There are 4 protein chains.
Amino acid sequence: MTDGRPPRADARRNRARILEAAHAVFSSRGVSAPTEDIARTAGVGIGTVFRHFPTKEALIEAVILIRLERLREQGELLAGADDPGAAFFEFLSSVVDSSRTKLTLVDALGPADAVAALSDTPEGQDLRRLVDRILRRAQRAGAVRADVGVNEVIGLMVGCSRAAQYAGHDQRAVQRMLSVVYDGLRAHR
Amino acid sequence: MTDGRPPRADARRNRARILEAAHAVFSSRGVSAPTEDIARTAGVGIGTVFRHFPTKEALIEAVILIRLERLREQGELLAGADDPGAAFFEFLSSVVDSSRTKLTLVDALGPADAVAALSDTPEGQDLRRLVDRILRRAQRAGAVRADVGVNEVIGLMVGCSRAAQYAGHDQRAVQRMLSVVYDGLRAHR
Amino acid sequence: MTDGRPPRADARRNRARILEAAHAVFSSRGVSAPTEDIARTAGVGIGTVFRHFPTKEALIEAVILIRLERLREQGELLAGADDPGAAFFEFLSSVVDSSRTKLTLVDALGPADAVAALSDTPEGQDLRRLVDRILRRAQRAGAVRADVGVNEVIGLMVGCSRAAQYAGHDQRAVQRMLSVVYDGLRAHR
Amino acid sequence: MTDGRPPRADARRNRARILEAAHAVFSSRGVSAPTEDIARTAGVGIGTVFRHFPTKEALIEAVILIRLERLREQGELLAGADDPGAAFFEFLSSVVDSSRTKLTLVDALGPADAVAALSDTPEGQDLRRLVDRILRRAQRAGAVRADVGVNEVIGLMVGCSRAAQYAGHDQRAVQRMLSVVYDGLRAHR
DNA sequence: GATGAATGAGACTTCATTCAT
DNA sequence: AATGAATGAAGTCTCATTCAT
């Protein structure tokens with residue numbers, strides 16, 4: 001009845017297409033884009049979208065979770081890198097880099113919800129733990145000042161993403177802004 | 001139509017009330033709040049809102065411009081302060097502080113529009129010039145590193161506002177995040 | 001602000017038109033008829049319907065309340081009639097007669113809700129009290145058996161309405177069915 | 001296609017399960033319950049439901065016909081009972097009793113369709129003939145007044161079912177209402 | 001100038017029915 | 001025969017904007 005059978009091949013394919021389309025549409029036009037457009041982009045009927053994601057919110061969430069997962073994968077690679085300091089800053093950069101879109105990690109949900117998204121969902125907690133690990137390692141290696149915690153780092157990630165978004169195409173400006181924050185994060189004295 | 005006569009007293013009063021109401025409503029509930037609610041808060045009919053601001057977008061813009069103006073006033077005060085470095089950082093702090101709302105300076109409009117708002121409007125350009133002045137003074141005084149320009153500073157303001165928004169009520173976290181950025185901004189070595 | 005001013009003339013006119021249209025449409029095609037059809041019938045936009053009645057349910061309720069009110073008016077006339085027994089049966093007949101439609105007094109809402117509608121709303125309670133009065137008067141006059149109460153009478157009204165609905169156009173059959181129930185209601189021996 | 005072969009065993013089993021599930025779901029939640037829920041309750045795919053019953057309406061009809069058939073069976077038993085009057089009233093009671101559900105014999109379809117269902121289908125006509133038989137026997141025995149016919153009796157059954165539905169859980173009220181109608185049906189004077 | 005009722009496009013969501021697997 | 005994913009028409013409701021009062 002409530003079988004654990006794997007979903008049919010076509011269903012899986014459509015689900016992936018919808019997520020891809022949602023990602024594209026949300027990224028370029030914001031989460032307020034009509035669901036119908038996502039369906040069209042995915043090449044499916046709107047009913048199919050709602051079969052896979054019962055509400056629009058669920059769809060947004062799913063797209064965000066994928067983003068979180070991607071970040072986690074990247075972080076996982078860096079968590080064991082030789083140079084803990086370099087790994088930390090590289091991770092920050094990759095987060096910021098992945099936010100050049102209208103669907104920022106957390107902008108999608110209201111600010112309050114954003115915190116929730118990172119605390120309430122297993123994926124969010126995973127990512128949080130990972131950031132914690134990367135951060136502490138860098139701190140132990142003396143590459144990052146000791147008086148910041150995960151919360152501040154995540155906050156700065158969010159802020160830098162926003163700043164980068166603001167700077168738009170001007171990559172040089174982004175680099176300069178990041179270098180300011182990075183300098184601030186480095187152990188001093 | 002475009003007679004140069006000054007607006008009637010009640011019209012001016014209504015305009016002010018609408019702007020105040022819009023600020024309150026947008027700040028607490030975001031720009032997607034229905035215009036009708038703003039009219040109700042202002043104690044006027046919805047028709048009056050649209051008479052003063054032909055589209056909702058125009059209303060949002062007007063509210064933002066007021067914010068910019070307030071910032072400019074604060075900046076103006078600091079532009080001549082005794083300690084140029086302190087003035088610079090105080091200005092940053094006041095910008096961040098004024099962003100604890102759902103109507104961030106630039107979140108309101110899409111990122112692209114945001115840049116436009118700061119470049120295209122006279123008010124935006126005024127503010128920009130002011131930031132430039134405060135920044136250069138602090139740099140000449142040796143309080144801020146020389147390799148950042150207005151663009152980066154404004155970008156960091158936006159980013160810090162977002163970060164503060166993210167941190168929500170946790171003022172201590174906000175302080176720690178700001179101290180990181182401020183350290184990064186200070187002249188080093 | 002929250003003024004008690006009477007609604008504008010055109011609004012009142014539209015409200016009346018919508019109620020009329022809703023009555024007509026619901027009666028002939030059932031409450032599941034789309035709201036759009038009611039709007040079209042009333043000659044207004046669909047937005048106007050929802051401005052006056054925030055949900056479809058509210059519209060249905062309003063239509064039913066009018067029906068209740070009409071019944072109450074008829075009942076009021078009979079409550080003081082010379083022959084209490086005749087008045088009682090006449091009232092029953094008028095209730096049944098008014099139910100030759102797809103919007104029966106209570107069919108509209110689920111059975112449970114129906115009871116609620118007659119108990120929860122002031123209008124329903126008014127009508128209930130009125131039925132009580134007419135019934136008791138007839139009982140005191142010896143025209144109706146003493147062992148039935150308001151609840152049973154209202155239940156029988158509902159049932160007879162349904163039976164009449166079932167019989168459709170065959171008025172003779174309706175008469176015969178009613179005469180059975182009326183005989184049963186008369187005081188015996 | 002229309003080969004006379006008997007249906008496969010599993011097909012027959014599924015058909016039965018679907019009808020059972022449809023009965024359960026329609027009874028408790030009304031005919032507007034989604035077909036998908038019936039499929040789930042029956043433990044089959046929705047495609048299977050539509051294979052057996054080409055439209056939802058056909059499914060509703062089938063469920064109703066089963067109800068008619070059950071009634072016919074009960075009636076058949078009573079048709080030969082010793083006391084024709086008691087049999088008649090017992091039959092009425094069992095009809096009313098079987099209607100404590102959201103799928104009343106006839107409520108399911110619009111009133112017009114209901115009559116049709118009882119006249120057009122062989123099952124409906126069978127039941128009608130049966131009611132006729134039970135009624136006439138009771139009339140011959142002097143237990144029921146002579147001036148009512150099948151149509152009125154069926155109409156009263158429908159009405160009493162509705163009245164009982166209205167009374168809901170209050171069985172005492174139901175009894176009192178029925179006693180009124182039964183008294184009215186008895187031969188008088 | 002002010003009011004707020006009217007408008008209608010468009011958003012989200014449901015569900016009977018079809019059809020590839 | 002059975003399955004359940006896909007479909008899209010249709011329904012309810014929102015809200016920026018217009019316009020008669």
Side-chain angles (χ1 to χ4, degrees), chain A residues 3 5 7-15 18 32-37 39 42-57 59, chain B residues 7-15 32-40 43-57 59, chain C residues 3 5 7-15 18 32-37 39 42-57 59, chain D residues 7-15 32-40 43-57 59:
Chain A
D3 57 349
R5 243 180 304 173
R8 252 163 50 177
D10 56 347
R12 225 176 33 233
R13 202 167 40 242
N14 272 339
R15 195 189 146 90
I18 291 167
S32 64
T35 311
E36 185 110 27
D37 286 6
V44 304
I46 192 169
T48 306
V49 175
F50 278 91
R51 160 170 272 264
H52 284 281
F53 306 94
T55 63
K56 189 184 184 181
E57 213 187 333
L59 176 57
Chain B
R8 258 164 47 176
D10 57 345
R12 228 175 32 234
R13 203 166 40 243
N14 274 342
R15 197 188 145 89
S32 65
T35 313
E36 186 110 26
D37 287 6
I38 290 166
R40 194 170 23 256
V44 303
I46 191 169
T48 306
V49 175
F50 276 88
R51 162 168 278 268
H52 284 282
F53 306 94
T55 65
K56 189 183 185 181
E57 214 188 330
L59 175 57
Chain C
D3 57 347
R5 244 180 304 173
R8 252 162 52 176
D10 56 347
R12 223 173 37 231
R13 199 164 45 240
N14 272 339
R15 195 189 146 90
I18 291 167
S32 64
T35 310
E36 185 111 28
D37 287 6
V44 302
I46 192 169
T48 304
V49 176
F50 278 93
R51 159 171 272 265
H52 285 281
F53 306 94
T55 63
K56 189 182 184 181
E57 212 187 332
L59 176 56
Chain D
R8 258 164 47 174
D10 57 345
R12 227 175 32 234
R13 202 166 42 241
N14 273 343
R15 196 189 146 89
S32 65
T35 313
E36 186 109 27
D37 286 6
I38 291 166
R40 195 172 19 259
V44 303
I46 191 170
T48 306
V49 175
F50 276 88
R51 162 168 279 269
H52 284 281
F53 305 94
T55 65
K56 188 182 185 181
E57 215 187 330
L59 176 56

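Note on naming: letters A, B, ... go to the chains in the order of the sequence lines (proteins, then strands), and numbering restarts at 1 for each one. These numbers were taken from a predicted model, which means no experiment stands behind them.
At F/dA5, none of the side-chain N or O atoms of A/Thr48 fall inside 4.0 Å of OP1 or OP2 (strictly under the cut-off). Residue D/His52 places at least one side-chain N or O under 4.0 Å from the OP1 or OP2 atom of F/dA2.
In this structure, CG of C/Leu59 is placed 14 Å from C1' of F/dG11, rounded to the nearest angstrom. Atoms CZ (A/Arg51) and P (E/dA16) sit 13 Å apart, rounded to a whole Å. One atom, CZ of B/Phe53, and another, P of F/dC15, lie 21 Å apart when rounded to the nearest Å. In this structure, the CG atom of A/Asn14 is 12 Å from the P atom of F/dG8, given to the nearest Å.
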Protein N or O to nucleotides 17-21 of chain E N or O, pairs below 3.5 Å:
| unit_1 | atom_1 | unit_2 | atom_2 | d |
| --- | --- | --- | --- | --- |
| E/dT17 | OP2 | D/Lys56 | N | 2.9 |

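Looking at which nucleotide of DNA chain F each of C/Ala33 and A/Arg15 is closest to, the 5′-most match is held by A/Arg15.
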Worksheet item: Given the rule that a pair is Watson-Crick or G-U wobble with both distances under 3.5 Å, how would you write DNA chain E in dot-bracket, using | for pairs to a different strand?
Response: .||||||||||||||||||||
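C/Arg15 is not listed as a side-chain neighbour of C/Ile18, based on a closest heavy-atom distance of 4.5 Å or more.
Remark: B/Phe50 engages B/Thr35, B/Ile46 in a side chain to side chain contact (heavy atoms under 4.5 Å, CB included) (not counting sequence neighbours).
Taking CZ of D/Arg13 as the start and CG of D/Asp10 as the end, the distance is 6.0 Å to the nearest 0.5 Å.
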